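First comes the structure, then the notes that go with it.
Letters A, B, ... are given to chains in the order of the sequence lines, protein chains preceding strands, and every chain is numbered from 1. Nothing here was measured: the structure is a model prediction, and the numbers come from that model.
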Amino acid sequence: MLKRSLAIITLLIIGYWLAQGLAGVPFGQDKMLVGQYYLNHVEAQTGAINVVTAIVVNYRGFDTLGEVTVLFIASTGVAALLWGRKKKRTAKTEGSVVLTTGISLLFPFVLMFGGYIFIHGHLTPGGGFPGGATIATGFLLMYMAFISYEIPHGKFEVTEGLVGMGYVIVGLIGLAISGYFLFDWIWQTWHWGAGNIGRLFSGGFIPVIYTLIALKVGTELSGIIDNMLKEEVKE
Amino acid sequence: MNPQYASLLIALPLLSAFFVPVIKAVSKKAVMPFLVLVTATQTGIAAWVFKEVYTTGKPIIVMAGAWRPPVGIDLYIGHFAALFAFIVAGISFFMAVFSWRAIKTEPVDKYAMLLMLLMLGATGMMATGDIFNLFVFMEITSITAYALTAYNKTGEAAEASLKYMILGGIGSSFFLIGLIMLYGATGTLNMAQLAQFAGSINPTVVQVGLGLIVFGLAVEAELFPLNAWAPDAYQAAPHPVTAMFSAFVVKAGLYAMARILYLMQSASGWHNVLKLLVIMATLTVFVAEFAALRQKDVKRMIAYSSISQVGFIALAFSLGSSIGVDAGVFHMMNHAIVKGLLFLTVGYVAVELGGSRIENFRGLGRRMPLTALAITIGSLAAIGVPMFNIFWSKVWIILAAVKANYAWAAAVVLTASVVEAVYYIRLIHTMWFSGGEGERIRENLAVGTIALFLVILILTIGVYPNYFWAVAQKAGADIFNVGQYIKNVPLMGVGS
């Protein structure tokens, strides 16, 4: 009882202190220091019309490279901890008729929709992360519907590594061409797609990177599902 | 050479970690040599960056995507980051060599990837000039650390990792909320620009924001009362990983804390946050030393000793004086070397004799004389015996504490050193003067060479501290002298 009331009192004090701090933050006021700059220059500097994407992939590309790495660590960590010499699927019941029929028909369309999201990342909301997650959803549904379904694990792992390297290499090409890591050489050096702003073939290296990210996220999340659904079998 | 090539410090470990699955598909045996090769290359790059920064005296500002801050993200590789990128890479290289011998648990390829990413995360945390980017690198470091803690896949390891993950998760969310408050109040994430605005932010917001950030980072920096995860994680993690935790992962957290604190030094109410930190630091020292005294397992004992030393560093940083920060950086450097050596040798003994319980160390002086000698020198250095490196940094910390009118904190450091002497001398006594059975064991050449190198380094700094103290002073000034920091970052005139 004493312990609990002490905890409650501590919580109240911390809560009050936090509220005091939050009250001092000028919410709703114009604090668009950097934000306004992005809004004013995004089209000329990146060739993308989706400002959020331009910030995420181009202006603050370093963060995104980091986020991709975080996901990579998550999948590597899961694979390291759930490692087994020989792993098999052990599910006993097949999915319902609705699920099995539905996913057999829908599977290509789920992948296509994922593809649509990441290919249009520089034009519409979305991008590599949601696109990749949608693709992984397709594989998750396949796992749920069929008890013997498995992704080609080894190939997925190699793809994951290769597309990750692809992202870094795009950045290194920028370093070689202009002397800056993660420099958008497709837009700023080649001016590729300059007459095409607002349509598919524009946006400098954003679509390239988003494609790589989507493939990476898709294979990674599918790999996590695969690792978590399979169990080690004794030989 | 173009200084922007310093971005290879980030690009190389990433590229290599992504390359590991491809290597594994070709030959699994090639993974460990590849890890050693990558860490060696990273050490080479870091050495070049170190030379560049210390000869020109100017920091390297890496601008990702050629965007000038605060629009883009910059890496600020000043005297501090250059020094520690080098230390991080060097220790990682040594531990990669040790891993080749020590890591037998599968899957080794995943282990190699995680090790590279741990090195990447710590380097990034120390190099970045953007506060949100710091958060991203902190996530990279800590999530890798959770996975590596549980790598041995024993029950203990899983428990330790879970503890670490829960506390670490709470810590990162605190940090993120604090960061959001600062961003909400200023509209910028760039550290230099934040420092410019620090004086004009609402004082309550700064205090709450900084308090949250300090609390969040205290988990990574192992400060009392948020360090409960540390001894378990240190003990359960694979031996090379423990050495890396102690040598630079915790240092990255401490650095981040010090950097953000000093950036905001013109904010009102700043000294209150420092006072809070002084109390946390002294408590860390005190609690950890007495806990170390009771340990029956040598690895765990050294883990507690490491935590208490971290408390010294935090104390030095929280004094708010330039000499304090210099002393803290110097101690960080010395501690990385000494704990690198101790965890390497103790881990090596554990690998050879199947565990790090104190019984295994009986008669070690006869069974593995070189290793025992290295442990002895490491222990003497850790106590702070003159002629060894830590002596100098402890002296500087005590002087700095007295100068900053924290005589009681200096007294705590001295008392703690006495306690530390008790358990380290007990260990030395067990190794050399208590019987013990067993054959003489042939010691591994690679591990021996690394240990010898670290021992020589300890003695060199102990006998000729001046050069290293000068380096530490430059690195300390990098953190303390915020005016210079702001001047060095080529901010474009957005908003100010």
For [X], is it the side chain, the backbone, both, or neither that has a heavy atom closer than 4.5 Å to a heavy atom of chain A?
| X | value |
| --- | --- |
| B:F19 | both |
| B:D130 | side chain |
| B:N133 | both |
| B:A17 | both |
| B:A25 | side chain |
| B:L189 | side chain |
| B:L8 | side chain |
| B:L117 | side chain |
| B:F132 | both |
| B:L182 | neither |
| B:T186 | backbone |
| B:L120 | side chain |
| B:M181 | both |

Whether the [X] and [Y] side chains hold a donor-acceptor pair (N or O, under 3.5 Å, no angle test) is what I'd like checked.
| X | Y | result |
| --- | --- | --- |
| A:N227 | A:W83 | no |
| B:S172 | B:E139 | yes |
| A:Y37 | A:Q45 | yes |
| A:D226 | A:H153 | yes |
| B:T188 | B:Q193 | yes |

Select one option (side chain, backbone, both, neither) describing which atoms of [X] are under 4.5 Å from chain B's heavy atoms.
| X | result |
| --- | --- |
| A:Y38 | side chain |
| A:L172 | side chain |
| A:I55 | neither |
| A:F181 | both |
| A:T76 | both |

Option that, when pairs with chain A are counted at under 4.5 Å, heavy atom only, ranks first among [options]:
| options | value |
| --- | --- |
| B:A157, B:A64, B:A147 | B:A64 |
| B:A158, B:A66, B:G72 | B:A66 |
| B:P21, B:P107, B:A11 | B:P107 |
| B:G184, B:G211, B:S161 | B:G184 |

query: Are the charged groups of B:K24 and A:E157 less than 4.0 angstrom apart, N to O?
result: yes
message: Apply salt bridge (charged side-chain N to carboxylate O under 4.0 Å, His left out) to residues A:E150 and A:K88 and explain how you reach the verdict.
response: CA-CA 9 Å; A:E150 271 187 49; A:K88 270 206 174 131; over 6 Å; no
Heavy atoms from other residues, nucleotides or ligands near [atom1] of [X] exceed 12 (cutoff 6.0 Å):
| X | atom1 | value |
| --- | --- | --- |
| B:F135 | CZ | yes |
| B:K104 | NZ | yes |
| B:F215 | CZ | no |

- prompt: Do A:W185 and A:W190 have their ring centres less than 6.0 Å from each other?
  reply: yes
message: Ring centroids only, cut at 6.0 angstrom: are A:Y143 and A:Y149 within range, meaning strictly under it?
response: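 Ring-ring flag for A:Y143/A:Y149: true, centres closer than 6.0 Å.
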- prompt: So among A:F183, A:Y180, A:Y59, which one has a ring-ring contact (aromatic ring centres under 6.0 Å, His included) with B:W67?
  reply: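 For B:W67, the ring-ring contact (aromatic ring centres under 6.0 Å, His included) test succeeds with only one of A:F183, A:Y180, A:Y59, which is A:Y59.
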- request: Examine distances only and state if a side-chain atom of B:K153 and a backbone atom of A:A80 form a donor-acceptor pair shorter than 3.5 Å.
  value: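 Checked: pair present.
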Top contributor to chain B contacts, counting heavy-atom pairs under 4.5 Å, from A:G77, A:G24, A:G166: A:G24
